[in-house]
There are 2 protein chains.
Amino acid sequence: MTEKKINLSEKEMPTQWYNLQADLPKPLDPPIHPGTKQPITPDMLAPIFPMELIKQEVSSERWIDIPEEVQNIYKIWRPTPLVRACRLEKFLDTPAKIYFKNESFSPPGSHKPNTAVAQAYYNKKEGVKRLATETGAGQWGSALAFACKFFDLKCLVFMVRISYQQKPYRRSLMEVWGATVIPSPSDKTDFGKKVLAEDPDSIGSLGIAISEAIEVAAKNDDTKYSLGSVLNHVLLHQTITGLETKKQFEKIDEYPDILIGCCGGGSNFSGLIFPFMPDKLKGKKMRMIAVEPAACPSLTKGLYAYDFGDTAGQTPLLKMYTLGSQFIPPGIHAGGLRYHGAAPLLSAAVHNGWVEVAAPNQNPVFESAIIWSQTEGAIPAPETAHAIRTTIDEAIKCKKSGEKKTIVLLYSGHGHFDLSAYDAYLAKKLEDYEYPVEKVHEAMKHIPKV
Amino acid sequence: MTEKKINLSEKEMPTQWYNLQADLPKPLDPPIHPGTKQPITPDMLAPIFPMELIKQEVSSERWIDIPEEVQNIYKIWRPTPLVRACRLEKFLDTPAKIYFKNESFSPPGSHKPNTAVAQAYYNKKEGVKRLATETGAGQWGSALAFACKFFDLKCLVFMVRISYQQKPYRRSLMEVWGATVIPSPSDKTDFGKKVLAEDPDSIGSLGIAISEAIEVAAKNDDTKYSLGSVLNHVLLHQTITGLETKKQFEKIDEYPDILIGCCGGGSNFSGLIFPFMPDKLKGKKMRMIAVEPAACPSLTKGLYAYDFGDTAGQTPLLKMYTLGSQFIPPGIHAGGLRYHGAAPLLSAAVHNGWVEVAAPNQNPVFESAIIWSQTEGAIPAPETAHAIRTTIDEAIKCKKSGEKKTIVLLYSGHGHFDLSAYDAYLAKKLEDYEYPVEKVHEAMKHIPKV
């Protein structure tokens, strides 16, 4: 066969991001102010984001230049390879062709620095001295710590307390890159203090950590806030992966039939699919499948409604699929992707019927991670393993139907910091858990009326 | 500038290994039998190694074909990139050009699978059912576990007890690839029982674990032993890295002035330098520097003598630089590279004056690891950081002298499983320790008379 890896040279790396907002049949429902219920204006976001990112957030330009400084940092690990998963195909005995876009070779080990580097750059350019953010398992926090180091910014990370305790190595990673890491809830913010007063043993949640980071940004002139998913500008920066993938398929004169990615906030999946969306909207037959955990099923069981992005209710209201901003995923869930909502742009794509959704349980997810490790060699992040699960399911369908589909999987990160979850799986300690519809209905009561 | 990464296509990957034994001015001193003191014969090794590897061990053929099956597995991560470390150069303000050969992208995260895959293949081909080996921090054990999975061999790993306890994620990694991991000393072997009888709390050592693995191989017909460094065939397999590096320099029409690698048993460094050695022996000016820890200084302070490869004294006697087979590195040493000896082929090269040696302390080594992480982005293995230390030292010398030397560093692996050592360094808990000459002299008493 031809080469297993389809590489691009650095010169072939895309120099613009693709903005799906330019090609939507109708504009997105705007973020609205929770008090006035009116669309928010850019100046309302200025205390927490730099103006260039706010402009990108609302832009309807189709192509946005990637600054040269950002391209230079990208080239530490980009362009990333598109790889044929020949051994997995053979193991499954499927006529399908399986390709994966490998984002695991970035220094933080995932797709996250695609936006972290861009965000650090724009903040630095506008004179910001420090970025505050939240992190769960630590993928996003380590990506932002990495990016801040390259633009000489300070980085303050509120890390969900349970992860801070259980995943010390992710914390070390952030510290190697010079970040300050604080377990959340903390006594560094009013909201953190409030949570601790109510529950001194709180294990924390992403929503709480977001609230703390935003509070710090709002109260300190030299500090802005940085979010690793959900927002339009984050998804924009992630399109570098889909744009490269398109170029790589052009090189081998193929075109994918099915695009698959895991979905928490939705940025890695959106980054893969958005550059293919114009073709789909013009009638090209192509399936796109977002895969989320059964334990945190915002796209499959959530409501499509305006909701807060954080737990304290400090953010604008975003129109999105949500389980309610008070949602805390069950402790037994080991597989990441724990956010209560999904990106508005992706939510719209799902609502419009352009994107399918799947929500496997965690034992079948880890089973597929082991199959991957033992066929393709590398150890995937549990998040990535969700996409692998659905890829395997689709490849098995192809075996039954005899269809030679071309499947592409966004391999979002490695699992080197997640081996305790693998340990639990191999020791048969992981329980499956489907978040019940009744609980969703209960949580919905907290969704504000608009 | 031109591209930062110099890539080879899969078609450009070398299809033969280079055997330095073909170009030695005089043959290596042979391994000898500890009882008879006579050179050992291939049949004496047959109980623990497959014949094809024994042949490679004594071969004087210059080029040895890489089997297609091995090439196919190599292509999971090979050819690996040669990368210009532009940001480190800028940080050091040096006129030197620094390149690194990046072996960290293999699924086990180091150069080790270059030989693990080959060894698994030859064993499988000769009907072996199981491989037994030892591992310290886990780099070698995980590489062999990975390789065995691809050739459907069982894998039994004796893991130095202190690492087994302190590095549970490396154990998990091996188990994900299907290996059985046992803390050493164990009650599974006579030698392990003997050690435990003398010291029930023994933390273990590489030498003890090697003895246990060899014992299992010697006593079980279906099992052979596999070693991750030291032996000629291991170094042979590692030459794939130096051969690729040579090709990559040819592509940019440059030639290195200084080659640097870290050195425990010596396989990664030898893999880099051996393919360049014929040029050097023909008069090409080029320095080669092996970097070992001050806490385990076999090349800088050891004796060049016949010694055992293991603690129990089961192996043939090898002519090498050694600290004595009873050597146990100090507990405070966090940086890997803990073996008491060095590969006979490399030892001869050092003895002949072809190779220089350096032995930095661990705090300066970790300091250089942080500099690397904050300039080039990725987190190096502590082992690799030894080579980085000397690279930085040489680049600083170039700054002082104004020389525009081209330095190449074998970036042997990532540090994703070593963040507890980084943690200790950042918390200023690491102590420097230079293994004293008196202790070496004491240890030498155990070296057998030949």
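Quick note: numbers below take in every heavy atom, side chains included, and nothing from hydrogens, waters or symmetry partners. A note on names: the letters A, B, ... follow the listed sequences, proteins ahead of strands, and every chain is numbered from 1.
- Between chain B and the residues A/R171, A/R170, A/E376, the largest count of heavy-atom pairs under 4.5 Å involves A/R171.
- Between B/E367 and B/R389 there is a salt bridge, since a side-chain N of the basic residue sits under 4.0 Å from a carboxylate O of the acidic one.
- Highest contact tally toward chain A, considering only B/F150, B/W77, B/Y422, is held by B/F150 [criterion: heavy-atom pairs under 4.5 Å].
- A salt bridge does not link A/R78 with A/E12: none of the charged nitrogens is closer than 4.0 Å to a carboxylate oxygen.
- With a 4.5 Å cut-off on non-hydrogen atoms, B/D418 does not touch chain A at all.
- Using a 4.5 Å cut-off between heavy atoms, A/F417 contacts chain B through its side chain alone, with no backbone atom that close.
- There is no contact between B/S106 and chain A, counting heavy-atom distances below 4.5 Å.
- Residues B/F151 and B/I73 have side chains in contact (heavy-atom distance under 4.5 Å, counting atoms from C-beta outward).
- Side-chain N or O atoms of B/T115 include none that pairs as donor or acceptor with a backbone N or O of B/K112 at under 3.5 Å.
- Taking a cutoff of 4.0 Å between a charged side-chain nitrogen and a carboxylate oxygen, A/K5 and B/E10 qualify as a salt bridge.
- The choice from A/S373, A/A378, A/P168 that makes the most heavy-atom pairs within less than 4.5 Å of chain B is A/S373.
- Counting only distance, with no hydrogens or angles, the side chain of B/Q374 and the backbone of A/K149 share no donor-acceptor pair below 3.5 Å.
- If you measure heavy-atom distances from A/L173 to chain B, the contacts under 4.5 Å come from both the backbone and the side chain.
- Contact of B/F146 with chain A is made through the side chain alone, with heavy-atom distances under 4.5 Å.
- Proximity to chain A (any heavy atom under 4.5 Å) is shown, for B/I76, by both the backbone and the side chain.
- In this pair, B/H416 and A/H416 present their aromatic rings tilted. The plane angle is within the 30 to 60° band.
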